[in-house]
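The block underneath contains the structure these notes are about, expressed in structure tokens.
Here is the naming used below: chain letters follow the sequence lines, and residue numbers restart at 1 for every chain. For the numbers below, each heavy atom of this structure counts, side chains included, while hydrogens, waters and symmetry mates do not.
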Amino acid sequence: MGKRIGAGTLTKEHVGKEVVLKGWVHRRRDLGELIFIDLRDQSGIVQLVFNPDYSREALEIADKLRSEFVIEVHGKVIERDPETVNPNLKTGDIEVTVSEVNILNRSKPIPFLIHEAEDVSEDLRLKYRYLDLRREDMQNTFKKRHQITQSVRNFLNEQNFLELETPILTKSTPEGARDYLVPSRIHEGEFYALPQSPQLFKQLLMMSGFEKYYQIARCFRDEDLRADRQPEFTQIDIEMAFPTREDIMELTENMLKRVMKEVLDVEIETPFPRMTYHEAMERYGTDKPDTRFGMELIDITDIVKDCDFKVFSGPANSGGKVALINVEGNADKFTRNDIDGELTNFAKGYGAKGLAWIKVTDGKLTGPIAKFFTEEETKALMERANATDGDLLLFGADKAEVVHQVLGALRLKIAKQLELIDETKFNFLWIIDWPLVEYDEDEKRYVALHHPFTSPVPEDIEKLTTDPLSVRANAYDVVLNGYELGGGSIRIHDYEVQKKMFEVLGFTEEEAHEQFGFLIEALQYGAPPHGGIALGLDRIVMLLTGKENIRDVILFPKTQTATDLLMQAPSRVSEKQLDELSIKIVEEE
RNA sequence: GGCCCGGUAGUUCAGUUGGUUAGAACGCCAGCCUGUCACGCUGGAGGUCGCGGGUUCAAGUCCCGUCCGGGUCGCCA
């Protein structure tokens, strides 16, 4: 009885050795009196040969083997003849000739073959996730995910951070995302909430004297899903006592640098470029710009103020904005139909009323709106846009917010369509100087852009009550290739400032005490200055494995309607369970 | 909640202007095959065209509703 060896680990070094292999039947090639089987285990694939000259008994069993049967084989590693070497297989220069085979388990014909699962519809893959996960690509993804978390842990451990756990059953608080609620059996009519993040706990840990904390933390938010959003996801959660903003940013940069090096063997430049929120909105129309390509937004509000085109001069003269993106040299890729149809519809989806456009031909502006501009305006416009023959200019004219959204989205869509993005690049950058609060038209009050515990930059504290909208937050987001990887801030540690912040957000003193009394109190017992950051682990894995979808880097993800197709969750529960929780289901009409 | 795309054999798909018995490839089953590696060859089985309703002499195809999956806007401190 030899010891089991991994199929994918066999090399020429093993030639002549007797080995024991255990794994799955990946593929079978039955030539009658000669059968080949690709045996797959976690380490890889090796070809087994069943030859009657070696063992007729084994051949007869091999005849009965089917895809995904689990087998144990004893055999000898032999070198392949040069003409039968398979260069597509890592173990292709050897094979194992089998003397004995045991069927450890059988498999029904499976819904899809492992080697073709890549092309199978996603709902079927999710229903049979344990089959989908047998694929080499999936195995590699989760190996990489493991490497990333280990790399993060090693780095933070070396920096003397403690990995500490915080509760999953916690308190529902206002602000932020919708909570997942868990009914309490013992306290009738009361609920725990699953944490949207360990935010308050990690701040309390700083007040508890743990000066450097981290956690690979599961977080829950009951909001609608997207390609890069799941209702439960994982954050690399970090908090420090006594840090400056620079400390956290440098720590984050070094951590990401280490991960990129260890996992992808890619060197990234630090420090990362920094951009203010304002600049990001002006140049890219978004707070998470993809800087791997140009096509930046160009403001032309001043140029079109007096032009005859009311669609432009209107917003330009009433506090709005007119801007354009220049699709350089690609005017011929878009017909008038493409622009007035698909692109215009796309723009309308982001709040635009329409989509004005101009093409540049023979040094002149062409298209239906070109006639509205005087010679001077044309000249200024072309100069500002750096427009030359073959360019397509797409315009946004509206409130600045709408212009940013529309052109920002168009910029991305067109870059993808024209393949202008260098997929090998990793463009990390910081977005800083965020507004502390914004005005919510629906709720008729200020809401925190980050969260209510984010401190203003020191020089703006004065304006907190007089002009909240102008106050900059001491916050920072790290962005990679157009995705928000994470964000953090220096927190409020001053009781008075925190009280003022709640006031600005429209909390009465009573409400503040009811919801955050524990924090307000803790701040009064020697809370140290503190701050930190949280990074979305799933998104990091997604970007580092080149996936376009967060579900591909989560073992058992949920569908867009937040269901688990494998376990069939959520599900009804028994009357008895409901009774114990004092819960009654009200069926909708 | 809104908008968009999709749902036909186990899987991936095709299916014309609404018209005879809904096809292909892979997989599956059986037989043959000693150097295959996407093995090959021969034969076979396999369909609630997501579901419900409507229009029509006739619906996979057109209309309405609904369910499921995906993308996105709102939402996500």
Side-chain angles (χ1 to χ4, degrees), chain A residues 26-39 45-54 59 63 66-68 78 80-89 91-92 95 97 107-128 131 173-179 196-197 199-200 219-231 233 342 345-352 405-406 409 412-413 434 436-438 440 442 446-454 473 475 484 487-489 501 505 534 536 548-549 551 558-561 563 565:
Chain A
H26 191 61
R27 271 195 161 110
R28 195 175 72 115
R29 290 175 293 281
D30 184 348
L31 279 66
E33 283 289 276
L34 187 67
I35 294 177
F36 299 96
I37 281 177
D38 290 339
L39 182 79
I45 286 175
V46 75
Q47 171 163 281
L48 307 178
V49 191
F50 295 81
N51 189 321
D53 301 339
Y54 204 74
L59 179 77
D63 187 50
R66 294 295 180 268
S67 288
E68 298 308 306
I78 54 175
R80 295 204 201 181
D81 289 337
E83 62 270 24
T84 62
V85 162
N86 182 356
N88 302 321
L89 202 59
T91 60
E95 60 195 6
T97 185
S107 170
K108 291 203 292 184
I110 57 176
F112 52 85
L113 292 174
I114 306 308
H115 50 82
E116 64 182 27
E118 209 172 337
D119 302 319
V120 169
S121 71
E122 201 181 350
D123 52 333
L124 200 68
R125 285 174 49 207
L126 289 178
K127 182 174 174 191
Y128 296 99
L131 298 179
T173 54
E175 303 281 298
R178 194 175 293 113
D179 285 320
Q196 295 177 28
S197 84
Q199 181 60 36
L200 288 161
C219 307
F220 307 86
R221 294 177 191 175
D222 187 3
E223 296 291 347
D224 287 352
L225 287 78
R226 288 288 185 282
D228 65 346
R229 258 165 41 191
Q230 281 274 304
F233 60 99
E342 198 206 334
N345 267 343
F346 180 82
K348 281 180 177 168
Y350 288 86
Q405 257 204 325
V406 171
L412 268 182
K413 177 190 167 68
W434 292 74
L436 186 70
V437 298
E438 61 187 351
D440 187 313
D442 294 333
Y446 297 108
V447 293
L449 212 72
H450 197 55
H451 56 57
F453 323 111
T454 299
E484 178 198 334
S489 62
M501 183 67 186
L505 297 178
E548 287 179 354
N549 188 312
R551 292 183 300 276
K558 306 224 171 8
T559 66
Q560 196 162 76
T561 49
T563 61
L565 294 178

Expressed in angstrom and rounded to an integer, what is the separation of [X] atom [atom1] from [N] atom [atom2]?
| X | N | atom1 | atom2 | answer |
| --- | --- | --- | --- | --- |
| A/Leu89 | B/C37 | CG | C1' | 8 Å |
| A/Leu126 | B/G7 | CG | P | 19 Å |
| A/Asn86 | B/C39 | CG | P | 11 Å |
| A/Lys127 | B/G7 | NZ | C1' | 15 Å |
| A/Asn88 | B/C37 | CG | C1' | 9 Å |
| A/Glu223 | B/C73 | CD | C1' | 14 Å |
| A/Asp442 | B/G74 | CG | P | 12 Å |
| A/His115 | B/C39 | NE2 | C1' | 13 Å |

* **Near-parallel close stack of A/Phe36 and B/U36 base (under 5.5 Å, under 30°)** =>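 Per 5.5 Å and 30° rule: yes, stacked.
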
[N] versus [M] - spacing of their [atom1] atoms, nearest Å:
| N | M | atom1 | result |
| --- | --- | --- | --- |
| B/G74 | B/G6 | C1' | 23 Å |
| B/G23 | B/C64 | C1' | 30 Å |
| B/G46 | B/C41 | P | 24 Å |
| B/G10 | B/A22 | P | 16 Å |
| B/A59 | B/G53 | P | 13 Å |
| B/G7 | B/C13 | P | 9 Å |
| B/C33 | B/C39 | C1' | 10 Å |
| B/C3 | B/A14 | P | 26 Å |

* Worked verdict on A/Glu342 versus A/Lys413 for salt bridge (Lys or Arg N to Asp or Glu O under 4.0 Å) -> CA-CA 11 Å; A/Glu342 198 206 334; A/Lys413 177 190 167 68; 2.9 Å; yes

[N] base / [X] side chain donor-acceptor hit below 3.5 Å:
| X | N | value |
| --- | --- | --- |
| A/Asp30 | B/C33 | yes |
| A/Arg80 | B/C37 | yes |
| A/Glu548 | B/G71 | no |
| A/Arg27 | B/C37 | no |
| A/Arg66 | B/C29 | no |
| A/Glu116 | B/U12 | no |
| A/Arg125 | B/U11 | no |

* Asked: If every non-hydrogen atom of A/Ser197 is compared with every non-hydrogen atom of A/Arg221, which pair is closest and at what distance?
  ->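 Where A/Ser197 meets A/Arg221 most closely, the heavy atoms are CB-NH2, 4.1 Å.
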
* Which pair of non-hydrogen atoms, one from A/Lys558 and one from A/Leu225, has the smallest distance, and what is that distance? ->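 Smallest heavy-atom distance, with atoms named: O-CD2, 4.1 Å.
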
* **5' priority, RNA chain B, between A/Gly349 and A/Lys558 [closest heavy atom]** =>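 It is A/Lys558, whose closest nucleotide lies nearer the 5' terminus.
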
* Asked: So which one's nearest nucleotide on RNA chain B is more toward 5', A/Asp224 or A/Gln560?
  ->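 The residue closer to the strand's 5' end, by nearest nucleotide, is A/Gln560.
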
Which one is paired to [N], where only Watson-Crick or G-U wobble pairs with both distances under 3.5 angstrom count?
| N | value |
| --- | --- |
| B/G19 | B/C57 |
| B/U66 | B/G50 |
| B/G27 | none |

* Asked: Salt-bridged, A/Asp224 to A/Arg229, with N to O below 4.0 Å?
  ->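 A salt bridge is absent here (no side-chain N lies under 4.0 Å from a carboxylate O).
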
* Asked: Is it true that A/Asp228 and A/Arg226 have a side-chain N and a carboxylate O under 4.0 angstrom from each other?
  ->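 Judged by the 4.0 Å cut-off on N to carboxylate O distance, A/Asp228 and A/Arg226 do not form a salt bridge.
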
Looking at [X], does any N or O in its side chain come under 4.0 Å of the phosphate oxygens OP1/OP2 on [N]?
| X | N | answer |
| --- | --- | --- |
| A/Thr563 | B/C68 | no |
| A/Ser121 | B/G69 | no |
| A/Arg551 | B/G71 | yes |
| A/Gln47 | B/C39 | no |
| A/Arg29 | B/U36 | no |

* To do: Given side-chain hydrogen bond (donor to acceptor under 3.5 Å, both in side chains), test A/Gln47 with A/Arg27 step by step and report yes or no.
  => CA-CA 9 Å; A/Gln47 171 163 281; A/Arg27 271 195 161 110; over 6 Å; no

Which part of the nucleic acid does [X] contact within heavy-atom distance under 4.0 Å: base, sugar-phosphate only, or nothing?
| X | answer |
| --- | --- |
| A/Ser197 | base |
| A/Phe453 | nothing |
| A/Asp123 | sugar-phosphate |
| A/Thr559 | sugar-phosphate |
| A/Leu124 | sugar-phosphate |
| A/Val447 | nothing |
| A/Asn549 | sugar-phosphate |
| A/Pro111 | sugar-phosphate |
| A/Arg226 | base |
| A/Leu31 | base |
| A/Glu95 | base |
| A/Glu83 | nothing |

* For the pair A/Thr91 (side chain) and A/Ile45 (backbone), establish whether a donor and an acceptor sit closer than 3.5 Å, ignoring hydrogens and angles. =>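 Confirmed, A/Thr91 side chain pairs with A/Ile45 backbone.
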
* Between A/Arg28 and A/Asp63, is there a donor-acceptor pair closer than 3.5 Å when you use the side chain of the first and the backbone of the second? ->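 Between the backbone of A/Asp63 and the side chain of A/Arg28 there is a qualifying donor-acceptor contact (under 3.5 Å).
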
* To do: Decide yes or no on side-chain hydrogen bond (donor to acceptor under 3.5 Å, both in side chains) for A/Glu175 and A/His451, but give the supporting numbers first.
  => CA-CA 8 Å; A/Glu175 303 281 298; A/His451 56 57; over 6 Å; no

